[in-house]
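Everything numeric here is computed off the predicted structure, so don't read it as measured data. Both counts, for ligands and for their atoms, begin at 1 and track the order of listing.
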Amino acid sequence: MKVCFMGLGYIGLPTAIIAAGSSVDVIGVDVNPKVVEMTNRGVIHIVEPGLQELCSEVVKTGKLKASGIPEESDVYLVVVPTPFKGNHEPDISYVEAATRMVAPLLKEGDLFVIESTSPVGTTEKMGHLIYALRPELTGKVFIAYCPERVLPGNVIYELVHNDRVIGGLDKESTEKAVQFYSLFVKGTLHRTNARTAEMCKLTENSSRDVQIAFANELSLICDKAGINVWELIELANKHPRVNILQPGSGVGGHCIAVDPYFLTSEFPYESQLISKAREINNYKAFWCAEKIENAILRFLLDHHRMPIVALMGLAFKPNIDDLRESPAKYIATKVLQRSADTDILIVEPNVHNHPVFKLTPYQEAYARANIVAFLVAHQEFKSLPYDGNKVILDFCGVYK
Ligand code: SAJ
């Protein structure tokens with residue numbers, strides 16, 4: 001069996017590698033020539049624990065090849081980004097472009113699956129597009145939606161062990177997709193229809209966003225009330241039916257900070273809570289930036305000189321190199337703009353070079369700074385000894 005992955009990004013690449021480790025031959029397609037070239041050398045272009053070793057292996061054995069254009073296969077998986085445009089409306093143009101690329105290659109009995117997070121109804125739309133482009137195949141291709149659910153940083157384990165929700169445009173498509181995923185997924189494969197599967201993905205991420213917003217709201221209340229929010233949450237979570245998440249510098253990444261808008265843009269009147277959670281989580285990053293700027297002013301008033309400030313972390317969450325929709329990046333940009341006359345050291349241990357930010361090693365930045373703002377709870381930071389002579393703004397519980 002040959003499988004064509006459209007997209008070799010944070011989800012497409014690991015899934016292609018895991019699939020290639022099972023009994024199938026994989027062709028991975030990406031529009032970025034650098035990604036194609038690196039993958040063909042067996043080198044991964046993302047940071048993900050354990051993935052490099054697996055990639056070298058499947059490229060060496062010839063089970064995974066990369067290319068800029070798709071090849072005729074038996075299964076096609078669309079794993080491209082779905083960002084939003086303008087007014088937080090989902091942009092499915094990459095999904096559509098990938099569908100248009102594979103349509104000419106499809107033959108009777110092939111399986112076409114969308115994994116990209118998509119607004120409800122996208123799989124139906126792509127089904128119509130395929131049959132408009134290839135009318136002779138109408139009803140003869142199996143078409144399904146199966147959202148990915150893996151957590152960056154733990155992708156290899158979760159790709160194999162997480163349960164999956166699989167929804168076909170018809171029962172036969174669901175069954176065909178279940179057969180395919182059972183080649184490399186050990187978790188349970190739950191059958192449904194395409195619309196429910198699409199909605200399920202949006203529900204999962206919106207649910208997490210709402211829960212994090214609650215933790216972030218508590219952190220704002222606690223800051224005003226002079227209460228340690230980390231201790232508070234730990235104590236409240238001792239209740240058998242309470243399970244509060246952790247506050248941080250905001251919510252980032254390409255999933256949780258994006259997917260709820262797929263619901264709020266389409267169902268604006270019905271999604272009041274989801275919409276408010278987005279507002280709170282966005283506001284938290286703004287609030288952190290204000291706190292840092294206030295600390296700089298306070299230092300200036302107290303010491304009659306500008307402080308050295310260390311901003312610790314740029315990634316959207318701990319122990320990864322992914323800066324997409326990162327609240328820490330937003331905070332750093334804002335503080336740099338507003339405090340141009342201050343010596344600001346930017347730290348991100350998981351990134352070597354950044355085109356915009358000049359990066360400083362974390363130990364050096366911590367040692368030199370008068371004000372240290374922890375924006376991401378990277379593992380490395382936890383080994384830094386707490387220095388009471390510095391102003392420490394611990395937004396993400398490094399020292400909790
Ligand atoms: N965060 C907090 N407090 C927490 C947990 C997370 O502030 O207690 C922040 C993180 O720092 C980060 C953001 O939330 O900025 C999102 O991080 P995350 O770890 O919650 O989620 P992602 O974006 O890495 O992955 C999510 C996962 N979805 C759910 O947990 C419901 C993952 O399973 C999905 O596959 C992924 O989105 C996706 O691709 O949709």
Side-chain angles (χ1 to χ4, degrees), residues 7 9-15 46-49 79-83 90 114-118 145-159 161-165 187 197-220 229-230 233-234 236-237 243-263 274 277-278 280-285 287-288 312-331 350 374-379 381 394-398 400:
Y10 282 89
I11 302 298
L13 180 66
T15 316
I46 57 174
V47 171
E48 182 58 46
V79 203
V80 294
T82 38
I114 301 175
E115 283 207 7
S116 309
T117 303
S118 300
Y145 183 76
C146 177
E148 60 79 17
R149 290 174 142 177
V150 293
L151 199 70
N154 195 26
V155 164
I156 296 173
Y157 178 85
E158 294 206 357
L159 260 176
H161 294 92
N162 284 359
D163 284 9
R164 301 289 291 253
V165 172
E198 288 161 344
M199 182 67 187
C200 190
K201 172 69 188 181
L202 302 178
T203 301
E204 291 161 16
N205 282 354
S206 299
S207 150
R208 193 151 167 91
D209 199 42
V210 169
Q211 290 176 57
I212 299 169
F214 182 67
N216 277 331
E217 185 161 292
L218 283 179
S219 74
L220 303 180
V229 69
W230 314 104
I233 291 176
E234 200 181 324
N237 283 347
N243 190 9
I244 304 168
L245 293 180
Q246 300 294 298
S249 57
V251 167
H254 187 67
C255 311
I256 301 207
V258 174
D259 301 356
Y261 292 120
F262 287 25
L263 291 175
I274 298 172
R278 278 285 67 240
I280 293 167
N281 287 333
N282 285 340
Y283 173 70
K284 185 65 194 288
W287 182 88
C288 292
M312 308 293 278
L314 279 181
F316 86 82
K317 69 176 197 171
N319 311 321
I320 58 166
D321 69 331
D322 191 343
L323 309 189
R324 289 179 298 173
E325 313 293 329
S326 166
K329 195 172 76 177
Y330 163 84
I331 294 166
N350 298 299
F374 287 106
L375 308 181
V376 189
H378 286 313
Q379 201 53 45
F381 302 161
D394 187 1
F395 297 125
C396 47
V398 167
K400 75 183 166 197

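- In terms of polar-atom proximity, defined here as any N/O pair under 3.5 Å, Glu158 makes no such contact with ligand 1.
- In terms of protein heavy-atom proximity, atom 15 (O) of ligand 1 is closest to Phe316 O, 2.6 Å.
- Protein heavy atom closest to atom 33 (O) of ligand 1, with residue, atom name and distance, is Arg149 O, 2.6 Å.
- Considering backbone and side-chain N/O of Gly252, one or more are found under 3.5 Å from N/O of ligand 1.
- Backbone and side-chain nitrogen or oxygen atoms of Arg208 are examined, and one is located within less than 3.5 angstrom of a nitrogen or oxygen of ligand 1.
- Annotation for ligand 1: atoms under 4.0 Å from non-hydrogen atoms of Val150 are 32 (C), 33 (O), 34 (C), 35 (O), 36 (C).
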List the steps and the verdict of side-chain contact (heavy atoms from CB on, under 4.5 Å) for Asp163 and Arg149.
CA-CA 9 Å; Asp163 284 9; Arg149 290 174 142 177; 3.9 Å; yes
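- Ranking the protein heavy atoms by distance from atom 6 (C) of ligand 1 puts Ile212 CD1, 3.5 Å first.
- Residues Ser326 and Ala315 come closest through the heavy atom pair OG-O, 3.2 Å.
- Nearest protein heavy-atom neighbour of atom 19 (O) of ligand 1: Lys317 NZ, 2.8 Å.
- The two atoms that bring Pro147 and Ala197 nearest to each other are CG-O, 3.9 Å, heavy atoms only.
- Each of Asp322, Ile256, Leu151 was scored for a side-chain contact (heavy atoms from CB on, under 4.5 Å) with Lys317, with one residue passing: Leu151.
- Residue contact check: Glu148 has heavy atoms under 4.0 Å from atoms 35 (O), 38 (C), 39 (O), 40 (O) of ligand 1.
- The closest protein non-hydrogen atom to atom 28 (N) of ligand 1 is Asn205 OD1, 2.9 Å.
- Ring-plane geometry between Phe381 and His378 is classed as perpendicular, the angle between the planes exceeding 60 degrees on a 0 to 90 degree scale with a lower cut at 30.
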Run Arg164 and Glu148 through salt bridge (charged side-chain N to carboxylate O under 4.0 Å, His left out) and show every step you take.
CA-CA 8 Å; Arg164 301 289 291 253; Glu148 60 79 17; over 6 Å; no
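- Scanning all protein heavy atoms for the shortest distance to atom 21 (O) of ligand 1 gives Ile256 CD1, 3.6 Å.
- With hydrogens and angles ignored, the 3.5 Å screen pairs no side-chain donor or acceptor of Ser116 with any backbone N or O of Ser118.
- Those atoms of ligand 1 that come under 4.0 Å of a heavy atom in Glu204, given as number and element, are 31 (C).
- From the protein, the heavy atom lying nearest to atom 4 (C) of ligand 1 is Gln246 O, 3.5 Å.
- Residues satisfying the side-chain hydrogen bond (donor to acceptor under 3.5 Å, both in side chains) test with Asn281, not counting sequence neighbours, are Asp209, Asn216.
- For atom 27 (C) of ligand 1, the closest non-hydrogen atom of the protein is Leu151 CD1, 3.7 Å.
- Contacts between Lys201 and ligand 1 below 4.0 angstrom, taking non-hydrogen atoms only, involve the side chain exclusively.
- Scored by the salt bridge (charged side-chain N to carboxylate O under 4.0 Å, His left out) test, Glu217 finds no partners at all (sequence neighbours excluded).
- Heavy-atom proximity to Pro152, at under 4.0 Å, picks out these atoms of ligand 1: 24 (O), 25 (O).
- At least one heavy atom of Val251 sits under 4.0 Å from some atom of ligand 1.
- At least one donor-acceptor pair closer than 3.5 Å links the side chain of Asn350 to the backbone N or O of Ile320.
- Within the set Gly313, Cys255, Ser249, Gly397, the minimum heavy-atom distance to atom 37 (O) of ligand 1 is found for Cys255.
- Scanning both residues, Ile233 and Ala215, for their nearest heavy atoms gives CD1-CB, 4.5 Å.
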